[in-house]
Amino acid sequence: MMNTLNTEKSAEKPFRKTGNPVELTSESPLHPRRKSHRIMVGSVPVGGGAPISVQSMTNTLTANVSATLQQIAELTAAGCDIVRVAVPSQDDADALPEICRKSPVPIIADIHFQSKYVFQAIDAGCAAVRVNPGNIRKFNEVGPSICKAATDAGISLRIGVNAGSLDKELYAKYGGPTPEALVASALKEAHMFEDVGFHDFKISVKHHDVITMVETYRLLASKGDWPLHLGVTEAGPAWQGTIKSCLAFGALLAEGIGDTIRVSLSAPPVEEVKVGCKLLEYMGLRPRKFDIISCPSCGRAQVDVIQLASAVTEGLKDVTAPIRVAVMGCIVNGPGEAREADLGVASGNGKGQIFIKGKVIETVPEDQIVDTLLTKAQEIAAQMEADGLVPVNATGPVVVPIQHPNR
């Protein structure tokens with residue numbers, strides 16, 4: 001009986017080979033997505049089972065239209081779906097019409113303190129506006145007018161609650177930016193929007209602490225079906241912020257929570273997008289693109305794996321075809337991992353076995369491994385491009401080359 005049950009379960013859910021491209025990316029392989037209602041941010045659907053979108057924010061002076069549009073183009077090329085721009089001044093608000101008109105992706109205006117910029121952003125053609133109830137002056141009074149303007153323009157809003165700008169009364173009531181305080185703030189504004197018949201909004205409740213952030217989103221997710229924008233605010237420098245974001249997003253996405261994400265890093269915005277896209281790929285929520293796997297350096301390695309992986313990564317940094325390259329340094333796992341990749345090398349004893357699609361095609365001396373891999377990878381990528389198999393907005397590998405201290 002047990003064997004029969006196991007067979008039936010296997011038939012219901014076939015084995016998912018690691019790294020296989022997936023056609024449907026709206027559902028996680030780990031957990032059913034939380035049911036939320038759908039809104040639109042320009043042409044990008046958010047919530048309601050739509051694929052999880054990646055957002056970032058420009059760090060240019062928005063009033064500098066050419067610089068802002070250039071950065072938006074770079075973010076789009078890296079795979080960004082939605083871009084947010086800061087609007088702290090009148091000059092920034094005046095720049096929005098041209099930016100919205102020329103941007104290849106939907107633009108969200110980020111508004112704090114002065115509600116007049118919200119109305120200007122809506123008139124300028126922004127796809128959505130992010131408002132922070134904790135610091136918009138007299139938000140309870142202007143909120144209904146904002147909802148009406150958004151309704152008339154057919155755009156959506158985001159309620160953005162942050163630990164660093166929590167309403168003073170809620171801060172005092174809950175003793176700080178606790179999950180309960182952040183959710184109370186979000187619910188207060190959500191209900192105000194809903195009371196005037198406005199439902200086209202998503203919510204974010206960001207905190208810099210991973211545990212607090214996860215607990216806050218879990219609590220908010222249990223209170224209603226609003227689309228949720230995930231973010232760890234002020235996450236820190238690139239390496240630290242990447243770890244924090246991957247931990248928090250991974251925990252929530254594994255539970256089906258989250259409809260759009262923004263990785264916040266003290267780094268160029270393009271790096272945020274690269275991390276966000278790869279995170280979704282590795283969670284099975286985006287089709288696999290270009291990927292490099294390499295083994296750790298250990299006592300079994302018979303080659304300098306760190307140098308080898310870094311050289312291959314650098315040489316293939318511009319490849320966007322969805323191929324997997326394995327750079328392996330010993331005979332224990334090397335042949336197996338290389339065999340599973342589209343292209344791989346198992347190195348040892350001063351030479352490397354080159355694998356393509358599971359078969360050894362040649363064995364080369366150690367000093368020829370890098371050049372051989374680069375040549376074969378370019379050939380495979382070129383063929384995939386010719387066959388129309390390279391996804392739109394495909395991105396290169398997200399691997400940080402490791403520099404030896406003495407170099």
TODO: Before giving the answer on side chain to side chain contact (heavy atoms under 4.5 Å, CB included), spell out for Val129 and Ile146 the whole-Å C-alpha distance, their side-chain angles and the decisive distance to 0.1 Å.
DONE: CA-CA 10 Å; Val129 178; Ile146 290 174; over 6 Å; no
TODO: Kindly state each residue pair satisfying side chain to side chain donor-acceptor pair (under 3.5 Å) with at least one member in residues 110-122, sequence neighbours excluded.
DONE: Arg84-Asp110, Gln90-Gln120, Asp110-His112, Asp110-Arg130, His112-Arg130, His112-Asn135
Task: Thr58 side chain reached by Pro269 side chain, heavy atoms, under 4.5 Å - done: no
TODO: Check whether the side chains of Gln70 and Glu74 place a donor and an acceptor atom closer than 3.5 Å, and report yes or no.
DONE: yes
TODO: Rounded to the nearest 0.5 Å, what's the gap from OG1 on Thr233 to NZ on Lys244? Could you check?
DONE: 9.5 Å
Open item on the list: The test is side chain to side chain donor-acceptor pair (under 3.5 Å); show your working for Asn162 and Ser165 and say whether it passes.
Closed with: CA-CA 5 Å; Asn162 267 28; Ser165 53; 5.1 Å; no
Task: Exercise: identify the closest heavy-atom pair between Leu166 and Ser185 - done: CD1-CB, 3.9 Å
Task: CD1-CG distance between Ile52 and Leu253, expressed to the nearest 0.5 angstrom - done: 4.5 Å
Open item on the list: With heavy-atom distances below 4.5 Å as the criterion, would you say the side chains of Val370 and Leu308 are in contact?
Closed with: yes
- [ ] Would you check if Ile369 and Ser347 make a side-chain contact, meaning some heavy-atom pair closer than 4.5 Å?
- [x] yes
TODO: To the nearest 0.5 Å, tell me how far Cys126 SG sits from Leu96 CG.
DONE: 4.5 Å
Open item on the list: Checking the side chain of Arg33 only, and the main-chain atoms of Ala50 only, is there a donor and an acceptor separated by less than 3.5 Å?
Closed with: yes
Open item on the list: Under the criterion side chain to side chain contact (heavy atoms under 4.5 Å, CB included), I'd like the reasoning laid out for Ile108 against Arg158: C-alpha separation, chi angles, the key distance, then a yes or no.
Closed with: CA-CA 9 Å; Ile108 297 179; Arg158 170 158 73 97; 5.6 Å; no
Open item on the list: Checking Phe193 against Ile159 for the side chain to side chain contact (heavy atoms under 4.5 Å, CB included) test, could you report, in this order, the C-alpha distance in whole Å, the side-chain angles of both residues, the deciding distance, and whether it holds?
Closed with: CA-CA 10 Å; Phe193 281 9; Ile159 296 173; 3.8 Å; yes
- [ ] Any chance you could measure Leu343, atom CG, to Glu379, atom CD, to the nearest 0.5 Å?
- [x] 9.5 Å
Task: Beyond-backbone contact of His37 with Pro227, side-chain heavy atoms, under 4.5 angstrom - done: yes
- [ ] Report yes if some heavy atom in the side chain of Pro179 is under 4.5 Å from a heavy atom in the side chain of Tyr217; otherwise report no.
- [x] no
Task: Lys/Arg N to Asp/Glu carboxylate O, Arg38 vs Asp259, below 4.0 Å - done: no
Task: Spatial distance of atom CG (Leu316) from atom CZ (Phe290) [nearest 0.5 Å] - done: 4.5 Å
Task: side chain to side chain contact (heavy atoms under 4.5 Å, CB included) evaluation trace for Val345 with Val312 - done: CA-CA 11 Å; Val345 61; Val312 172; over 6 Å; no
Open item on the list: What I'd like to find out is whether the side chain of Lys351 reaches to under 4.5 Å of the side chain of Pro365, using heavy atoms alone.
Closed with: no
Open item on the list: Quick check on Tyr171: does its OH atom have over 12 non-hydrogen neighbours (other residues, nucleotides or ligands) under 6.0 Å away?
Closed with: no
Task: Residue pairs, two or more places apart or on separate chains, that pass salt bridge (charged side-chain N to carboxylate O under 4.0 Å, His left out) and touch residues 205-227 - done: Arg218-Glu255
Task: Side-chain touch Val232/Leu247, heavy atoms, less than 4.5 angstrom - done: no
TODO: Mind checking side-chain contact (heavy atoms from CB on, under 4.5 Å) for Thr372 and listing every partner two or more places apart, or none if nothing turns up?
DONE: Ile354, Glu362, Val364, Gln368, Lys376
- [ ] Indicate the atoms forming the closest heavy-atom contact of Val273 with Gly79, along with that distance.
- [x] CG1-C, 3.8 Å
Open item on the list: How close do Lys289 and Lys278 get, counting heavy atoms only, and between which atoms?
Closed with: C-NZ, 4.2 Å
- [ ] Work out which heavy atom in Ser245 is nearest to a heavy atom in Leu279; give both atom names and the distance.
- [x] O-CD1, 4.1 Å
Task: Check: Thr212 and Thr178 side chains under 4.5 Å, non-hydrogen atoms - done: no
Task: Under 3.5 Å donor-acceptor, Ser156 side chain and Phe201 backbone - done: no
TODO: Answer yes or no: is there a donor N or O on one side and an acceptor on the other, between the side chain of Ser103 and the main chain of Ile99, under 3.5 Å?
DONE: no
Open item on the list: So if I apply the salt bridge (Lys or Arg N to Asp or Glu O under 4.0 Å) rule between Asp342 and each of Lys357, Arg324, Lys359, which one comes out positive?
Closed with: Lys357
TODO: Give a yes or no on whether Ile243 atom CD1 has more than 12 heavy-atom contacts from other residues, nucleotides or ligands under 6.0 Å away.
DONE: yes
- [ ] Compute whether any side-chain donor of one residue and acceptor of the other, for Thr68 and Thr62, lie under 3.5 angstrom apart.
- [x] no
Task: Distance-minimising heavy-atom pair for Ala127 and Gly42 - done: CB-N, 3.4 Å
Open item on the list: Distance check, rounded to the nearest 0.5 Å: His199 atom NE2 versus Cys147 atom SG?
Closed with: 10.0 Å
Task: Side-chain donor/acceptor of Ser53 to backbone N/O of Thr260, under 3.5 Å - done: no
Open item on the list: Do Ser56 and Glu272 pair up side chain to side chain, a donor and an acceptor below 3.5 Å, judged on atom types alone?
Closed with: yes
